[in-house]
Amino acid sequence: MELAAFAFFALLALGSAIVVVGHRNPVYSTMSLVVALLATAGLFVLLGSPFLAVLQVLLYTGAIVVLFLFVIMLLNVGRERPAAGRGTMQTWVAGVGALVFFGAMARLIWESYGEAEAPRLTEEFVATRGLAELLFTTYLLPFEIIGLLLLVAVVAASWVARRPTPDEEEEAP
Amino acid sequence: MSALDLFWLVPALPLAGAAINGLLLRNSQKPLVTAVGVGLPGLSLLVALAALVEWSASVRPAAYEQVLWAWTAGPAAFDVGFRLDALSAVMLFVVTFVGFWIHVYSVGYMGHDAGYRRYFAYLNLFMGAMLLLILGNNYLVLFVGWEGVGLCSYLLIGYYFEEAFPPYAGKKAFIVNRIGDFGFLLGLFAIWSTWGTLHFGQLGEKILADPAVAHRPFALGLSTAAFIALFLFVGATGKSAQIPLFVWLPDAMAGPTPVSALIHAATMVTAGVYMVVRTNVIYQLAPEISTVVAVVGAATAIFAATIGIAQNDIKKVLAYSTVSQLGYMFLAAGVGAYKAAIFHLGTHAFFKACLFLGSGSVIHAMGGEQDIRKMGGLRKHLPATYATFAISTLAIAGIPGLAGFFSKDEILGATFLAHVPAARLLWGVGLLTAALTACYMSRLVFLTFFGDFRGSHEQEHHLHESPRVMTLPLWVLAVGAIVSGWIGIPSGMWEAFGAHDRDWLGHFLAPVVAVIPGHEAGEHHASQALELALIGASIAAAVVGIYLAARLWLRRGLEADASFAARAPRLQKLLEEKYRVDELYDRIVVRPIAKLARICWKVIDELVIDGGLNVAAFLTEITGDLGRFTTTGNVRNYALYFFAGVMLLLWWMVL
Amino acid sequence: MTVPVSWYLLLAAALFAIGVFGALTRRSGIAIFLSIELMLNAANLVLAAYARLLGERSGQMVVFFALAVAAAEAAVGLALFIAVFRLRKTIDIDRINLMRW
């Protein structure tokens with residue numbers, strides 16, 4: 001049963017990832033990303049943290065992807081034109097590189113863990129309560145800092161993307 | 001405060017004078033410059049005399065030592081100190097007395113010179129250094145003085161530095177001296193490594209305590225004593241202008257004439273003789289090397305004399321004469337007649353200085369002309385100069401009664417009787433040289449002071465006797481040339497005439513000569529007849545020389561030179577060109593070194609070192625030119641590089 | 001039968017590789033960004049897998065934080081995009097070559 005779920009989500013994730021990377025239309029890419037993210041959320045559930053799955057859906061798909069779509073609309077990003085001459089070399093090298101990377105990682109993983117089974121999920125492990133306890137005790141400080149980080153990010157993003165004042169317009173090369 | 005306590009003032013005063021004149025005063029303050037430049041050496045002379053008197057009355061014959069301070073500490077501990085003993089006493093008197101009068105003379109001679117202040121600063125510096133040399137109580141202080149006089153020689157030879165030749169002559173003197181100094185240093189190292197001290201007194205004691213040490217083999221197949229003796233002598237050949245390192249002295253005549261008198265006649269060049277006599281204990285322990293010294297001395301003496309007879313520059317004749325007379329001194333030292341060497345050093349200082357100053361007077365009168373072919377009949381115009389010059393000439397020629405006769409005869413006598421191989425041959429060479437000396441000096445006198453004037457009309461009008469400030473020193477030195485011989489009339493001569501031995505100088509200097517047990521110098525005592533015969537031979541040589549010169553040059557003047565040139569042109573040319581020794585040295589030493597320097601420059605420096613740097617720079621440049629291409633500005637490329645880097649890192653971490 | 005942990009890890013590696021390929025290959029800035037998000041996602045997956053493997057919840061904590069940071073980063077990055085777009089009127093990476101020699 002678990003195997004079937006895993007296979008489903010895995011294939012979904014892989015497929016949509018390929019679409020994200022391959023499709024010319026940015027909106028389609030973004031939508032594929034959503035699918036990929038949802039698949040990952042399912043995998044999170046399988047790995048015993050439903051809380052994370054929910055967070056993933058909320059944050060990523062709910063907020064970040066929306067942001068992406070906003071920007072795409074704002075900038076009126078069109079279909080991507082195929083890369084000019086120089087691009088093919090880059091593509092081949094990147095492809096080979098990615099494959100090499102995957103191969104190396106795969107071998108590493110397989111040699112380290114092989115067919116070892118994952119430990120059984122316990123009720124206690126899955127419960128959100130444990131996570132909450134950790135968050136508000138051991139990881140309290142990082143939690144607060146993350147809040148600060150988000151504040152800073154908001155300020156920064158607002159300022160960077162502001163409408164330029166008239167004299168700044170003239171500065172543009 | 002006794003004079004002996006103030007002994008350190010003797011070298012310090014001239015050095016102070018050099019500092020004051022060199023650093024503080026200016027040419028516009030000429031009277032002050034003179035007061036300092038002449039006064040301080042004069043004061044030094046007075047202190048020296050007082051010290052001598054006091055020493056003589058108190059601790060003589062023991063040496064008086066005054067240590068100023070400890071220079072170094074540890075295993076190589078040296079002091080700066082002075083030693084007053086019989087040998088340094090004689091040298092002290094000669095240097096300060098003759099030196100002082102030459103300073104006085106310089107006031108007149110250099111009076112109109114633009115560098116008056118500089119001249120006196122250098123001259124005082126020289127006096128200071130020379131006094132350090134002779135008064136030092138160890139070889140190190142001696143060497144400091146040795147180098148110091150070398151420096152001053154360079155500064156003063158190159159005094160007229162605006163002209164091309166004097167600086168060159170100065171460099172030549174310094175470099176040739178340096179070669180000698182190298183040998184000197186090797187000798188010093190050998191002394192120190194064998195006996196662990198450079199102090200004269202301590203060294204003497206250590207050597208005499210165990211003379212066998214000196215006979216141990218040291219290096220180059222020589223015994224310790226022989227090695228030291230040989231290499232110290234190399235230094236002496238440089239400083240005292242013997243074969244092979246004499247070539248700088250004739251060119252040194254480019255300096256002002258009083259400098260030639262002081263440095264290159266009376267004092268600096270005698271430093272080598274002083275050093276050999278100071279080291280006599282080692283020379284006595286190395287008879288082979290002493291013989292070498294004697295042979296070199298004799299060879300130099302006759303060699304220089306033959307050149308002198310063919311020279312036409314008044315100062316050059318005197319320069320070669322100096323080389324020749326120094327040869328006599330080394331001949332004496334080589335056969336063990338140390339007192340004779342010092343005796344001749346003293347008498348020579350007086351008459352040679354007088355001759356040089358006299359020549360300065362002549363040059364001054366001739367408006368700078370130095371060629372004797374343009375002179376003649378000057379005794380009418382320069383009576384005082386002529387008189388003193390003539391007296392000194394008779395002295396150097398060895399006419400009885402005057403100083404040179406006694407000192408030269410003692411040398412010849414000692415040589416004849418010495419226990420060295422070829423002693424008789426050396427005596428013969430010395431005798432022949434004596435005749436030549438009388439001959440060329442008389443030639444100089446006849447061509448300069450007798451006959452008709454051969455110069456131009458303006459020169460004739462300009463002829464005048466020198467002022468008192470210049471003639472007074474001439475007279476003082478001339479008197480010295482007469483009298484200085486009387487204090488050292490050798491014992492042999494007293495005995496020859498059956499009189500009581502009144503060789504005051506000999507007795508005075510006796511403590512300086514080391515007496516080595518088992519090595520007692522065996523001087524024959526000659527029979528009365530032999531002594532008289534030797535004296536007679538010396539006198540005959542002198543008289544023959546003067547007579548020959550009179551026949552040739554008094555009677556015929558310059559024509560004698562011309563006819564000789566006609567009859568033996570090649571010999572004439574050889575002598576005139578001083579045997580082309582300078583040209584020989586140029587070919588075998590100077591040019592190869594210049595070539596080596598050129599190789600170092602063009603090949604090693606420019607090609608290898610600069611080339612290496614240029615290659616490195618070039619490589620950097622092309623690396624940059626090629627590396628430039630990675631900065632495409634294309635972000636995707638950069639991302640790729642990133643990724644590649646990460647991969648490498650991963651690979652490295654995993655493996 | 002449970003799924004071996006290595007499969008999760010392999011999947012994550014594959015997702016990551018795909019993301020890398022996309023980040024290096026695409027010309028549109030947005031597409032690159034999306035690829036980067038994919039990579040982040042893959043990393044989160046690894047973290048969660050290890051959390052399960054080791055029974056350690058701190059792995060999940062890190063995912064939590066990574067999520068937050070990813071959000072912040074996306075915000076700022078997109079803001080930058082807008083700024084650059086105003087400057088260059090394009091988000092074609094190949095045209096934004098300010099650092100060219």
Side-chain angles (χ1 to χ4, degrees), chain A residues 2-3 6 10 13-14 17-18 20-21 26 29-30 33 36-37 40 43-44 47-49 52 55 59 63-64 67 71-72 75 77 80 83 90-91 94-95 98 101-102 105-106 109-110 113-119 125 130-131 134-135 139 142 146 149-150 153-154 156-157 160-161 164 172, chain C residues 1-11 13-22 24-28 30-31 33-35 37-38 41 44-45 48-49 51-53 55 57-58 60-61 63-65 67-76 78-83 85-87 91 94:
Chain A
E2 192 189 336
L3 188 60
F6 173 78
L14 279 172
I18 292 174
V20 167
V21 168
S29 292
T30 315
L33 183 68
L37 293 170
T40 315
L43 286 169
F44 280 157
L47 284 172
S49 53
L52 278 185
L55 269 184
L59 279 185
I64 294 175
L67 197 58
V71 172
I72 291 171
L75 302 184
V77 179
E80 186 173 320
Q90 176 98 348
T91 320
F101 173 76
F102 176 69
M105 290 266 84
I109 294 166
W110 198 255
Y113 297 108
E115 292 270 346
E117 294 218 340
F125 185 78
L131 212 58
L134 259 188
L135 186 62
Y139 292 96
I146 287 288
L149 177 75
L150 288 170
V154 165
V160 169
Chain C
M1 188 196 60
T2 41
V3 180
V5 166
S6 49
W7 289 22
Y8 287 97
L9 297 175
L10 283 170
L11 175 66
L15 285 175
F16 191 87
I18 295 171
V20 164
F21 180 74
L24 295 176
T25 310
R26 299 296 297 270
R27 263 177 91 186
S28 159
I30 289 286
F33 236 117
L34 293 170
S35 311
E37 294 300 330
L38 254 187
N41 196 40
N44 283 346
L45 197 55
R52 161 99 187 260
L53 175 65
R57 281 213 209 79
S58 42
Q60 295 174 351
M61 284 308 332
V63 175
F64 178 84
F65 292 132
L67 233 42
V69 171
E73 168 245 334
V76 175
L78 289 168
L80 278 170
F81 249 75
I82 296 177
F85 179 80
R86 290 224 184 87
L87 196 65
I91 50 173
D94 286 345

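In the text below, chain A, chain B and the rest are named by the order of the sequence lines, each starting its count at 1.
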Tell me, side chain or backbone of [X] under 4.5 Å from chain C's heavy atoms, or both, or neither?
| X | answer |
| --- | --- |
| L47(A) | both |
| I146(A) | side chain |
| A63(A) | neither |
| L33(A) | side chain |
| L59(A) | side chain |

Looking only at atom types and distance, does a side-chain atom of R52(C) sit under 3.5 Å from a main-chain N or O of S49(A), one as donor and one as acceptor? no
Side-chain contact, heavy-atom cut-off 4.5 Å: [X] with [Y]?
| X | Y | value |
| --- | --- | --- |
| V20(A) | L38(C) | yes |
| Y139(A) | F64(C) | no |
| V76(C) | V160(A) | no |
| V21(A) | T25(C) | no |
| I18(C) | F102(A) | no |

If you take all heavy atoms of [X] and [Y], which pair is closest and at what distance?
| X | Y | result |
| --- | --- | --- |
| M61(C) | L131(A) | SD-O, 4.1 Å |
| S29(A) | R26(C) | OG-NH1, 4.1 Å |
| L67(A) | A75(C) | CD2-CA, 3.7 Å |
| F21(C) | A94(A) | CD1-C, 3.8 Å |
| W110(A) | S6(C) | CZ3-OG, 4.0 Å |
| P26(A) | I30(C) | CB-CG2, 4.5 Å |

Kindly compute the distance separating [atom1] ([X]) from [atom2] ([Y]), expressed to the nearest 0.5 Å.
| X | Y | atom1 | atom2 | answer |
| --- | --- | --- | --- | --- |
| W7(C) | L43(A) | CH2 | CG | 13.0 Å |
| T40(A) | L45(C) | OG1 | CG | 6.0 Å |
| N44(C) | L52(A) | CG | CG | 8.0 Å |
| L55(A) | L67(C) | CG | CG | 6.0 Å |

Most heavy-atom pairs under 4.5 Å with chain C, out of P142(A), G48(A), A36(A), belong to P142(A)
Max heavy-atom pairs within cutoff under 4.5 Å with chain C, candidates L134(A), L149(A), I18(A), goes to L134(A)
| request: Could you go through the side chain to side chain contact (heavy atoms under 4.5 Å, CB included) check for L135(A) and F65(C) one step at a time? | output: CA-CA 10 Å; L135(A) 186 62; F65(C) 292 132; 4.2 Å; yes
I would like to know whether Y113(A) and L53(C) meet side chain to side chain contact (heavy atoms under 4.5 Å, CB included); could you show each step before the answer?
CA-CA 10 Å; Y113(A) 297 108; L53(C) 175 65; 3.7 Å; yes
